[in-house]
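Worksheet: one structure, shown below.
Letters A, B, ... are given to chains in the order of the sequence lines, protein chains preceding strands, and every chain is numbered from 1. The structure presented is a predicted model; accordingly, all values stated were derived computationally and were not measured.
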2 protein chains.
Amino acid sequence: MKTRDDSLAIVRNRRERPAKPALTRDGIIQTALEILRAEGLSKVTMRRVAVALDTGAASLYVYVRDTEDLHAQILDALLAPVSRTKTEGDWCRQIKAILSKYMEVLFAYPALARMAMSTPASGPNYMRMVDRMLGLLAAAGAPDRNAAWGIDLLLLHATAHAAEHGTWKESQRAADDFATLEAAVAGADPKKYPHIARLSSDLMSGDRSRLEWSFDLLINGVLETPVSVREEES
Amino acid sequence: MKTRDDSLAIVRNRRERPAKPALTRDGIIQTALEILRAEGLSKVTMRRVAVALDTGAASLYVYVRDTEDLHAQILDALLAPVSRTKTEGDWCRQIKAILSKYMEVLFAYPALARMAMSTPASGPNYMRMVDRMLGLLAAAGAPDRNAAWGIDLLLLHATAHAAEHGTWKESQRAADDFATLEAAVAGADPKKYPHIARLSSDLMSGDRSRLEWSFDLLINGVLETPVSVREEES
DNA sequence: ACCTGAACACCGTTCAAGT
DNA sequence: ACCTGAACACCGTTCAAGT
């Protein structure tokens with residue numbers, strides 16, 4: 001079936017489009033982003049990216065250390081607009097605006113949020129974002145150490161929340177598990193789990209307002225909690 | 001080489017030990033735990049567990065929905081001792097003691113912490129642990145909703161922290177990345193990243209005390225932060 | 001230095017067929 | 001109902017060989 005004619009077609013294709021643009025780090029990331037958007041992170045594999053670039057997986061290793069590195073570079077690319085978010089209002093509004101944008105991209109790709117938690121991020125866009133937020137916390141009057149530790153806390157929470165809730169919304173599997181959990185909480189045996197049974201409605205309540213609450217709690221705590229002074233109970 | 005004699009040997013083996021204990025959910029989890037301890041979560045695969053049980057991977061699907069479910073069941077098994085931790089002292093100490101135990105197991109297997117973030121946990125040991133902590137927060141005088149939302153916040157933070165820092169300590173790869181990050185922070189260009197450069201030492205400082213700080217901040221916030229009342233800046 | 005094909009050593013999951 | 005072998009459709013990474 002495929003002999004002479006095919007090789008002719010290939011030659012023609014070579015003429016009509018440049019066919020194989022040279023491999024570059026940027027080209028790889030762009031292609032990876034396309035696959036991410038079209039099919040999700042789980043399809044962004046070395047092999048699949050390579051096929052899309054009309055080469056073999058081995059060729060990518062010149063530009064990318066391994067699969068995780070590829071994913072980390074994708075995330076940093078997606079963070080470019082976040083690091084440049086236009087903000088206005090008081091510092092608290094501004095911080096929340098940046099956190100919102102950050103969470104938006106992680107919610108869109110929860111698998112990236114999970115990845116971000118196991119790979120120390122050091123991409124330029126991440127750095128830029130952190131720098132801006134540090135500036136805002138400093139302007140708010142946070143002591144140096146509180147600002148430094150606080151940024152970490154805020155971003156860890158944002159990432160973790162997105163990883164958790166994003167995943168739950170994403171997959172059917174997680175949705176099923178969530179239903180199981182919901183049922184387990186709603187129908188908790190008051191003998192075995194008295195507090196869960198008593199608080200069952202509060203445990204599942206709140207969504208947007210719950211997230212708001214947690215960020216208020218965190219931001220407030222970052223400003224007010226003295227470093228290395230242990231709280232005594234009252 | 002291997003013909004008659006081998007089949008005899010097999011028969012002999014059948015006699016000498018019961019050879020193949022019946023497949024059960026518990027047996028599967030036990031075997032999985034052994035592999036986890038010996039080789040880490042990445043080796044706890046359907047195929048590998050099946051081989052250890054002298055069967056085919058397909059057989060496991062009667063007891064386990066999929067790989068993630070297997071991992072979730074492993075985590076709940078590891079949480080059994082945590083849910084029964086003996087505690088003493090004031091409620092704050094007790095909560096911290098349970099959180100510590102919880103983090104200990106996640107630190108030992110950071111990959112499980114990552115998994116926990118994408119799978120809503122509803123195992124019996126997890127439930128028992130949550131119930132105890134809810135009781136402690138209630139005893140501390142936290143309003144119902146604060147206790148309910150707060151437990152989630154505390155456990156999410158514990159899990160996320162373990163996933164992040166545990167992984168960094170675990171793999172060579174992550175350690176390298178961490179070194180890269182450290183260098184990027186220490187050598188941050190003050191023109192591009194003024195705040196990172198200024199706070200570079202604080203950004204990398206603290207380890208144990210930093211974790212203490214974040215839990216104090218969270219516990220305090222859970223007790224004090226009113227629900228659905230927005231903070232105004234001062 | 002960069003690119004490639006082929007190979008190695010794995011995966012999860014499904015399914016028809018057996019008991 | 002439970003168990004199995006075989007098959008399907010993939011993976012990441014390495015390495016010798018080419019340019």
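- As judged by a 4.0 angstrom heavy-atom cut-off over every strand, B:Arg65 is placed among residues making no nucleic acid contact.
- Taking only side-chain atoms of A:Arg47, from C-beta outward, the nucleotide of C:dC11, D:dC11, C:dC2 with the closest atom is D:dC11.
- Following rounding to the nearest Å, B:Tyr63 (OH) and D:dC2 (C1') show an atom-to-atom distance of 6 Å.
- Here B:Tyr61 reaches the OP1 or OP2 of C:dT13: one of its side-chain N or O atoms lies under 4.0 Å away.
- Side-chain contact, A:Gln30 with A:Asp26: no donor N or O sits under 3.5 Å from an acceptor N or O.
- Of all nucleotides listed (C:dT4, C:dT13, D:dG12), D:dG12 comes nearest to the side chain of A:Met46.
- With rounding to whole Å, A:Leu23 atom CG is found 13 Å from C:dA1 atom C1'.
- Atom P of nucleotide C:dC2 and atom CG of A:Asp54 are separated by 20 Å, given to the nearest angstrom.
- Between A:Thr45 and B:Val62, the residue whose closest nucleotide on DNA chain D is further toward the 5' end is B:Val62.
- Taking the six-membered ring wherever Trp is involved, the centroid distance between the rings of B:His165 and B:Phe107 does not fall below 6.0 Å.
- When only modelled atom types and interatomic distance are considered, B:Asp69 and B:Gln73 share a side-chain donor-acceptor pair under 3.5 Å.
- Within the 4.0 Å cut-off from OP1 or OP2 of D:dC3, not a single side-chain nitrogen or oxygen of B:Thr55 is found.
- Side-chain atoms of B:Leu53 and B:Leu60, non-hydrogen and from C-beta on, do get closer than 4.5 Å to each other.
- C:dC15: Watson-Crick or G-U partner is D:dG5, with both key distances under 3.5 Å.
- A:Thr67 comes within contact range of the sugar-phosphate backbone alone, with a heavy-atom separation under 4.0 Å but no base atom that close.
- Comparing A:Ala22 and B:Ala58 along DNA chain C, the residue whose closest nucleotide (by nearest heavy atom) sits nearer the 5' end is A:Ala22.
- Look at the C1' atom in both D:dC15 and C:dC2: the space between them is 15 Å, to the nearest Å.
- D:dC11 atom C1' lies 13 Å from atom CZ of A:Arg48, rounded to whole Å.
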